[in-house]
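No experiment lies behind these values; they were computed from the predicted model shown. Numbers restart at 1 for each chain; the letters A, B, ... are given by sequence-line order, proteins then strands.
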Protein chains: 2
Amino acid sequence: MESFDLSTFLPYRLAILSERISRRLALEYGRSHGISVPEWRVLVHLARSKQASVREIHSYANLEKPRVSRTVAKLQAAGMVRKVTGKQDSRLVEISLTEKGQTVLGEILPAALEFEDRLVQALSAEEHAMCIEIAEKLHAVLDDDPLAPMRSQLDTPD
Amino acid sequence: MESFDLSTFLPYRLAILSERISRRLALEYGRSHGISVPEWRVLVHLARSKQASVREIHSYANLEKPRVSRTVAKLQAAGMVRKVTGKQDSRLVEISLTEKGQTVLGEILPAALEFEDRLVQALSAEEHAMCIEIAEKLHAVLDDDPLAPMRSQLDTPD
DNA sequence: TGACATTCGTTTCGATTGCAACGATAAAGA
DNA sequence: TCTTTATCGTTGCAATCGAAACGAATGTCA
């Protein structure tokens with residue numbers, strides 16, 4: 001027990017690294033446009049899917065449902081997102097980017113990609129590939145664990 | 001811009017994996033003893049250092065200073081930690097584990113280690129080593145970045 | 001010695017978080 | 001059809017969070 005070292009504990013290692021990277025990245029879109037992490041994820045997802053429900057964003061962007069709801073509301077207030085009640089099913093809302101939303105995302109994306117590139121450049125091609133494979137194997141352990149939180153669909157390799 | 005895929009974005013990948021692992025691990029000490037992540041880190045650090053100030057825990061366990069303060073107060077209220085005003089320097093407090101704190105940690109630790117072991121077992125020795133090396137290289141990128149948040153001392157290889 | 005700056009731990013404050021209801025709509029079954 | 005069940009998005013609430021401000025104690029330099 002007294003020989004236990006937090007710094008070599010894998011979950012801790014991952015948490016520290018991930019948090020540091022997230023914080024640095026958040027500066028990129030936070031300072032320039034006041035965008036938060038959840039907002040960033042919603043914008044990015046909408047750029048792909050063109051149109052999505054709260055449920056979909058929740059499932060794909062790894063955000064709790066209430067958080068998606070509030071985030072979308074905020075983005076709508078900022079004019080970056082449009083909400084339309086579903087035609088066939090009036091329970092769900094069709095969420096999509098506005099012109100402004102696309103513009104803002106277009107301004108943010110280059111810096112985000114440039115930052116990621118700096119990270120990836122620090123790794124050899126082999127390391128990068130193994131990094132992905134390792135992540136996949138760790139996810140697999142949790143997939144087999146009934147107590148582990150479910151994996152969001154986006155992250156599940158088809 | 002429309003070809004950007006969040007799921008392959010390295011910072012996102014790391015965040016998702018790390019969060020999932022953290023949540024699962026938190027169940028281990030949360031369900032059995034009502035211990036939260038910050039409390040877990042403080043306990044673990046104290047088990048090593050036997051005695052520490054708020055500042056030290058802050059620097060080594062990657063927790064904000066106010067958070068350490070509150071966490072320690074809560075642990076003290078629960079009888080797991082002892083706080084004594086410093087002898088020479090009465091600004092700092094000497095924080096240490098009580099009997100109860102050691103007992104609780106002793107009950108939590110095996111499950112935590114067993115969980116980590118399940119993760120590590122999923123990796124080959126080579127993968128495990130490379131995982132650490134990759135983390136180190138990514139940290140190095142941030143170390144060179146003036147805008148990146150500082151790295152806590154614990155995680156800095158001597 | 002006295003004025004100033006620094007460090008330590010705590011507290012305050014506004015914002016964010018997750019979880020658990022909630023109302024509204026739609027689907028399923030009797 | 002009518003009742004029941006499930007789904008969708010929202011809201012309430014209590015806890016937590018980080019950043020800044022704070023008082024207390026020490027260190028520094030004239």
Side-chain angles (χ1 to χ4, degrees), chain A residues 15-16 19-20 22-24 26-27 30-31 34-42 45-46 51-78 81-96 149-150 152, chain B residues 15-16 18-20 22-24 26-27 30-31 34-42 45-46 51-78 81-96 147 149-150 152:
Chain A
I16 296 314
E19 193 180 327
R20 194 146 97 113
S22 266
R23 271 177 190 274
R24 176 60 184 88
L27 277 185
R31 286 168 86 97
I35 301 291
S36 69
V37 173
E39 285 160 11
W40 155 256
R41 289 197 191 164
V42 168
H45 178 68
L46 288 177
Q51 178 175 316
S53 68
V54 169
R55 187 78 180 152
E56 285 168 353
I57 301 178
H58 158 66
S59 299
Y60 285 88
N62 219 70
L63 296 171
E64 296 302 315
K65 218 174 18 164
R67 194 129 70 101
V68 174
S69 181
R70 288 186 226 263
T71 301
V72 167
K74 194 177 291 183
L75 287 174
Q76 182 187 30
V81 143
R82 190 177 12 247
K83 276 171 66 177
V84 180
T85 304
K87 308 301 180 192
Q88 322 100 309
D89 190 336
S90 62
R91 282 177 306 181
L92 33 80
V93 280
E94 299 168 354
I95 303 161
S96 57
M150 213 88 69
S152 78
Chain B
I16 296 313
S18 164
E19 191 180 330
R20 196 147 98 112
S22 267
R23 271 177 189 273
R24 177 60 185 87
L27 278 184
R31 287 169 86 97
I35 301 290
S36 70
V37 174
E39 284 159 13
W40 155 256
R41 288 197 192 164
V42 169
H45 178 67
L46 289 177
Q51 179 175 316
S53 67
V54 169
R55 186 76 179 156
E56 284 167 354
I57 301 178
H58 159 66
S59 298
Y60 284 88
N62 220 68
L63 297 170
E64 295 303 315
K65 219 176 12 165
R67 193 128 69 98
V68 174
S69 181
R70 287 187 227 266
T71 301
V72 166
K74 194 177 291 184
L75 287 174
Q76 183 187 29
V81 143
R82 188 177 13 247
K83 276 171 66 177
V84 179
T85 304
K87 307 300 179 193
Q88 320 101 310
D89 190 337
S90 62
R91 282 176 307 181
L92 35 80
V93 279
E94 299 167 355
I95 304 162
S96 57
L147 285 179
M150 212 87 68
S152 78

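Rounded to whole Å, the distance from CZ on Arg91(B) to C1' on dG23(D) is 13 Å. One interatomic measurement links the two molecules: CG of Asn62(A) to P of dG18(C), which rounds to 10 Å at whole-angstrom precision. Here dA15(D) presents its P atom at 13 Å from CD of Glu39(B), a figure rounded to the nearest Å. Leu92(A) places its CG atom 10 Å from the C1' atom of dA26(C), with the value rounded to the nearest Å. Taking atom NE2 of His58(B) as the reference point, atom C1' of dA19(D) lies 13 Å away to the nearest angstrom. The distance between atom CG of Leu63(A) and atom C1' of dT10(D), rounded to the nearest whole Å, is 16 Å. Atom pair Glu56(A):CD and dG9(D):P shows a separation of 8 Å (rounding to whole Å applied). Between the CD1 atom of Ile95(B) and the C1' atom of dG9(C) there is a distance of 9 Å, rounded to whole Å.
Annotation for Val93(B) and Thr85(B): closest pair CG1-CA, 4.3 Å, computed over non-hydrogen atoms. Of all non-hydrogen atoms in Ala26(B) and Val37(B), the two that sit nearest each other are CB-CG2, 4.2 Å. For the pair Gly34(B) and Glu39(B), the tightest heavy-atom approach, listed with the atom from each and the gap, is O-OE1, 3.6 Å.
Lys74(B) has a side-chain polar atom (N or O) that falls below the 4.0 Å cut-off from OP1 or OP2 of dT16(D). Remark: Arg67(A) is in phosphate contact with dT17(C), judged by side-chain N or O atoms under 4.0 Å from OP1 or OP2. Phosphate proximity of dT10(C) to Lys83(B): present, with a side-chain N or O under 4.0 Å from OP1 or OP2. Note on Ser69(B): every side-chain N or O is 4.0 Å or more away from OP1 and OP2 of dT11(C). Taking 4.0 angstrom as the limit, Ser53(A) places none of its side-chain polar atoms (N or O) nearer than this to OP1 or OP2 of dC8(D).
Projected onto DNA chain C by closest heavy-atom contact, Asp89(A) and Pro38(A) fall at different nucleotides, the more 5' of which corresponds to Pro38(A). Residue Val54(A) is the one, among Val54(A) and Gln88(B), whose nearest nucleotide of DNA chain D lies closer to the 5' end (criterion: closest heavy atom). Heavy-atom nearest nucleotides on DNA chain C were determined for Glu94(B) and for Glu19(B), and the one closer to the 5' end corresponds to Glu94(B).
Residues forming a side chain to side chain contact (heavy atoms under 4.5 Å, CB included) with Lys65(B) (at least two apart in sequence, or on another chain): Val54(B), Arg55(B), His58(B).
One finds the OG atom of Ser69(B) at 6.0 Å from the NZ atom of Lys83(B) (value rounded to the nearest 0.5 Å). The distance from the CG atom of Leu46(B) to the CD atom of Gln51(B) is 9.5 Å, given to the nearest 0.5 Å.
Counting only heavy atoms from C-beta outward, the side chains of Thr71(A) and Arg41(A) never approach each other to under 4.5 Å.
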Between the protein and nucleotides 19-22 of chain C, list the N/O to N/O atom pairs that are separated by less than 3.5 angstrom.
none

